[in-house]
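What you see is a predicted model; the values in this text were computed from it and never measured. Excluded from the calculations below are hydrogen atoms, water molecules and symmetry mates; all remaining heavy atoms, backbone and side chain alike, are included.
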Amino acid sequence: MPQPSPRSLDRRLARRLPRPIRQAVAAAGLSLPFLALSTLVAAAEPVKVTYRVFVGGVTALDVDATLDVAGDHYRVAVSAVTGGTIGRLFNWRSDSQSDGNVHGDDLRPTSHRQTSLLRGEPRNVTLTYGPQGDVSTSVTPPPETDDREPVPPALQRDTLDPLTAVLDLLFAVGASQSCDRSLPVFDGRRRYDMVFSEVGRRIVDPSRYSIFSGVAQQCRVTYKPVAGYARSSSGGRFWQRNNPADRPPVNLWLAPVAAGYPPLPVRLETDSDFGSVVVHLTGVTPPAADRRAGVSPQPVR
């Protein structure tokens, strides 16, 4: 199927943004133990990575992420801002941060917050986690103003925020070389399961858009809606809850690109109403001293 031209894509985005932008961030937003996690990264300095998100072949977002694990505490911070052609049309930014503790091989969040501006109105989420797995929420605007089904407190209990869920996957892959797992996630408005499945080791070919090439672990991510979704079905394909086949999967490639840290995302691909969504790794500090990871018969272009 041919991709829309940049000009026609701009007109369509102008009518409906920032929903596809939010879809791309959710897919990325963007959301690793032979040893216990605290042992694995206790001596590592914070790692900073940058990504560029393309939607339908057009630059949509620039993403900065920082991961810091010190002793038994972790912090993940992600900022996304519109860039390229879309950035010239729309000024949108989102900032998220998750803090938590490492207990053996488990991650336990203590707080999560996200701030963004949508159509000139702030959209903020603050989650605070109690010692018994309970979650206190502060959401602006309240979920009911979006005509969402409420998420009962029982479904919020013992969940992870989106950033902690992705970090959990990274450490698991670094430990076992397998993506297979299902994690309960509550983002303040929606409750869903992130289901990760193993695809295998693949070669990511060199690209002028990315600093990474080489062997990476490919995981497939699907979403199982549980509660908190809009009663209408106008949310676009990514968050539709009708048939799981209607929600395009996310393909994620992970590789050890930062010294002292587990594998990090180096590429992401999914689909949207506006064409393919592709996320490329554009920078990492500090980089790994040696990126050699073996051989794979399956190239990714």
Side-chain angles (χ1 to χ4, degrees), residues 3 23-32 40-41 44 47-67 76 78 80 83-84 163 165-181 194-222 238 248-272 275-301:
Q3 297 292 331
Q23 292 175 352
V25 171
L30 306 139
S31 64
L32 299 164
L40 181 62
V41 293
V47 60
K48 299 181 180 181
V49 288
T50 58
Y51 300 92
R52 177 154 287 179
V53 182
F54 295 85
V55 179
V58 176
T59 300
L61 290 168
D62 288 310
V63 180
D64 295 330
T66 301
L67 172 59
V76 186
V78 177
L163 297 184
V166 174
L167 183 60
D168 185 283
L169 169 72
L170 302 184
F171 278 110
V173 170
S176 66
Q177 302 299 314
S178 175
C179 305
D180 296 328
R181 61 206 297 105
M194 293 181 71
V195 182
F196 302 93
S197 58
E198 179 73 20
V199 177
R201 292 162 68 81
R202 299 290 186 266
I203 292 177
V204 177
D205 287 339
S207 167
R208 65 187 178 94
Y209 301 106
S210 175
I211 66 166
F212 176 82
S213 61
V215 177
Q217 191 80 6
Q218 184 179 351
C219 304
R220 185 155 293 148
V221 190
T222 56
F238 189 82
V250 175
N251 286 296
L252 178 65
W253 286 266
L254 307 173
V257 294
Y261 276 88
L264 298 177
V266 295
R267 184 184 177 99
L268 182 148
E269 293 181 3
T270 188
D271 195 14
S272 76
S276 62
V277 177
V278 182
V279 182
H280 291 287
L281 175 69
T282 58
V284 56
T285 306
D290 187 352
R291 292 185 183 173
R292 291 174 298 178
V295 181
S296 169
Q298 302 278 354
V300 175
R301 296 182 174 85

Using modelled atom types and a 3.5 Å cut-off, is there a donor and acceptor pairing between side-chain atoms of Tyr51 and backbone atoms of Leu268?
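No; zero donor-acceptor contacts below 3.5 Å.
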
Answer yes or no: is there a donor N or O on one side and an acceptor on the other, between the side chain of Glu198 and the main chain of Cys179, under 3.5 Å?
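The answer is yes, because a donor-acceptor pair under 3.5 Å joins these two groups.
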
Mind listing the closest non-hydrogen atom pair of [X] and [Y] along with its distance?
{"X": "Asp271", "Y": "Pro248", "value": "O-CG, 3.6 Å"}
{"X": "Ala255", "Y": "Ala216", "value": "CB-CB, 4.1 Å"}
{"X": "Ala80", "Y": "Val63", "value": "CB-CG2, 4.0 Å"}
{"X": "Ala258", "Y": "Val284", "value": "CB-CG2, 4.0 Å"}
{"X": "Thr222", "Y": "Pro249", "value": "CG2-CB, 4.0 Å"}
{"X": "Ala60", "Y": "Val55", "value": "CB-CG2, 3.6 Å"}

As an exercise, state the distance from [atom1] of [X] to [atom2] of [Y], rounded to the nearest 0.5 Å.
{"X": "Arg181", "Y": "Asp168", "atom1": "CZ", "atom2": "CG", "result": "4.5 Å"}
{"X": "Arg52", "Y": "Leu281", "atom1": "CZ", "atom2": "CG", "result": "12.5 Å"}
{"X": "Leu167", "Y": "Leu264", "atom1": "CG", "atom2": "CG", "result": "9.5 Å"}
{"X": "Leu252", "Y": "Glu269", "atom1": "CG", "atom2": "CD", "result": "10.5 Å"}

By side-chain contact (heavy atoms from CB on, under 4.5 Å), which residues pair with Ala65, not counting sequence neighbours?
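Ala65 satisfies side-chain contact (heavy atoms from CB on, under 4.5 Å) with Val49, Val78 only.
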
Are side-chain heavy atoms of Ser210 and Val266 found at a separation under 4.5 Å?
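The answer is no, as the side chains (C-beta and beyond) never meet within the 4.5 Å cut-off.
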
Within the structure provided, determine whether Gln218 and Arg201 are in side-chain contact (heavy-atom separation under 4.5 Å).
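They are not in side-chain contact.
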
May I have the step-by-step check of side-chain contact (heavy atoms from CB on, under 4.5 Å) for Asp64 and Lys48, ending in yes or no?
CA-CA 7 Å; Asp64 295 330; Lys48 299 181 180 181; over 6 Å; no

Thr282: side chain to side chain donor-acceptor pair (under 3.5 Å) partners, not counting sequence neighbours
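In terms of side chain to side chain donor-acceptor pair (under 3.5 Å), with neighbours along the sequence ignored, Thr282 is linked to Thr50.
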
Just say parallel, tilted or perpendicular for the rings of Tyr209 and Phe54, cut-offs at 30° and 60°.
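Ring orientation of Tyr209 relative to Phe54: perpendicular.
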
